[in-house]
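Keep in mind that this is a model prediction, so the values were computed, not measured.
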Amino acid sequence: MKIGYARVSTDDQNLCLQVDALQQVGCETIYQDQVSGAKVERPGLQAALAYLRPGDTLVVWRLDRLGRSLKQLIEIVTSLEAQGIGFQSLQEALDTTTSSGRLVFHIFGALAEFERHRIRERTQAGLQAARARGRMGGRPKALDTKKVALLYQLYDEQQHSIQELCDLLGIAKSTLYAYLNQRKTSDPT
């Protein structure tokens with residue numbers, strides 16, 4: 001069974017063109033959304049994905065109607081494939097129920113994976129270059145060494161509540177406990 005999915009980004013746009021094309025290729029049910037593709041919550045898409053069964057095919061008018069990025073498209077289509085559900089995009093003539101359609105889709109997937117690895121390599125190279133210049137990544141510490149020493153001293157005196165210590169040093173309870181745990185792990189006694 002062919003199940004259609006149509007989406008437009010704004011209320012000003014019209015779904016008629018997509019719906020007509022989906023009906024022409026034999027979609028029995030068509031789910032619709034009027035929401036940006038960048039939005040995670042797309043009720044029509046979620047309903048279509050829940051409705052699909054092994055042997056069905058999800059049909060869209062164009063690839064960008066299903067997802068905003070190649071990564072998002074690959075995740076959705078890979079999930080469909082794992083469930084035994086086909087995918088078809090009319091404008092790109094892509095049909096994963098055929099061997100040539102699967103080949104084209106896997107080429108898309110390989111290119112996306114290649115790009116992810118390149119991004120990771122560039123990120124690692126940038127971090128190494130920063131470390132070589134003496135810069136360390138990560139979030140700056142909430143307290144300098146003097147304030148950490150003050151925290152330990154006030155905590156050990158047991159004259160103040162945890163909340164009072166947090167208010168005094170301008171930190172959250174989780175941060176205070178992180179510093180106390182850090183002291184435990186670095187203290188050999």
Side-chain angles (χ1 to χ4, degrees), residues 2-10 12-13 15 17-18 21-22 25 27 30-144 172 174-175 178 181-182 185:
K2 289 186 175 183
I3 306 300
Y5 174 66
R7 181 186 63 78
V8 291
S9 299
T10 66
D12 297 343
Q13 296 172 327
L15 287 162
L17 172 71
Q18 294 177 51
L22 294 170
V25 297
C27 290
I30 299 173
Y31 291 88
Q32 303 174 15
D33 277 322
Q34 288 187 315
V35 64
S36 169
K39 298 281 186 189
V40 176
E41 290 297 318
R42 292 186 274 164
L45 178 60
Q46 299 307 317
L49 295 174
Y51 184 82
L52 290 162
R53 299 291 175 255
D56 289 347
T57 300
L58 178 64
V59 184
V60 296
W61 182 65
R62 239 178 41 203
L63 282 173
D64 67 349
R65 301 298 85 198
L66 183 62
R68 182 66 91 185
S69 68
L70 181 59
K71 177 181 182 245
Q72 188 179 38
L73 287 170
I74 289 172
E75 287 172 357
I76 292 170
V77 176
T78 301
S79 172
L80 293 173
E81 188 175 34
Q83 298 172 56
I85 299 168
F87 173 72
Q88 186 178 3
S89 175
L90 301 178
Q91 292 297 305
E92 288 83 5
L94 178 64
D95 185 351
T96 65
T97 62
T98 67
S99 55
S100 61
R102 281 192 300 277
L103 172 65
V104 169
F105 185 74
H106 286 289
I107 290 170
F108 283 169
L111 291 172
E113 184 176 354
F114 173 72
E115 182 60 21
R116 282 193 302 273
H117 287 294
R118 289 195 36 146
I119 290 169
R120 187 178 319 135
E121 288 170 355
R122 287 193 301 263
T123 301
Q124 292 300 320
L127 290 171
Q128 286 175 352
R131 283 187 206 108
R133 290 190 306 270
R135 296 186 62 204
M136 297 302 291
R139 182 182 294 217
K141 297 290 181 191
L143 302 177
D144 60 23
S174 58
T175 305
N181 286 332
Q182 180 183 345
T185 56

Quiz item: Arg42 and Asp33: which non-hydrogen atoms are nearest, and at how many Å?
Solution: CB-OD2, 3.2 Å

Quiz item: Would you call Arg65 and Gln91 a side-chain contact if the rule is heavy atoms closer than 4.5 Å?
Solution: no

Practice problem: Would you kindly say whether Ser79 and Gln83 are connected by a side-chain donor-acceptor distance under 3.5 Å? | Solution: yes

Exercise. Just jot down the ring-ring contact (aromatic ring centres under 6.0 Å, His included) partners of Phe105, sequence neighbours excluded, or say none.
Key: none

Self-check item: Check: Leu58 and Leu49 side chains under 4.5 Å, non-hydrogen atoms
Solution: yes

Exercise. Please check if the side chain of Arg62 supplies one atom and the backbone of Gln18 the other of a donor-acceptor pair under 3.5 Å.
Key: no

Exercise. Using a 4.5 Å cut-off on heavy atoms from C-beta on, say whether the side chain of Thr96 contacts that of Ile85.
Key: no

Exercise. Look only at the side chain of Arg53 and the backbone of Ala50, and say whether a donor-acceptor pair between them is shorter than 3.5 Å.
Key: yes

Quiz item: Is there a donor-acceptor contact under 3.5 Å from the side chain of Ser89 to the main chain of Leu63?
Solution: yes

Quiz item: Which atom names give the shortest non-hydrogen contact between Gly44 and Tyr31, and what distance separates them?
Solution: O-CB, 3.4 Å

Self-check item: Distance, nearest 0.5 Å, that separates CG of Leu94 from CD of Gln88
Solution: 8.5 Å

Quiz item: OG1/Thr97 to CD/Glu81 distance, rounded to the nearest 0.5 angstrom?
Solution: 11.0 Å

Practice problem: Nearest 0.5 Å please: distance from the OH atom of Tyr5 over to the CG atom of Leu22. | Solution: 11.5 Å

Exercise. Could you tell me whether Arg135 atom CZ has more than 12 heavy atoms of other residues or ligands within 6.0 Å of it?
Key: no

Practice problem: Check Leu66, Thr78, Val59 against Phe87 for a side chain to side chain contact (heavy atoms under 4.5 Å, CB included) and give me the one that passes. | Solution: Leu66

Practice problem: Could you tell me whether the side chain of Leu15 reaches within less than 4.5 Å of the side chain of Gln34, counting heavy atoms only? | Solution: yes

Quiz prompt | Partner set under salt bridge (Lys or Arg N to Asp or Glu O under 4.0 Å) for Arg118, not counting sequence neighbours | solution = none

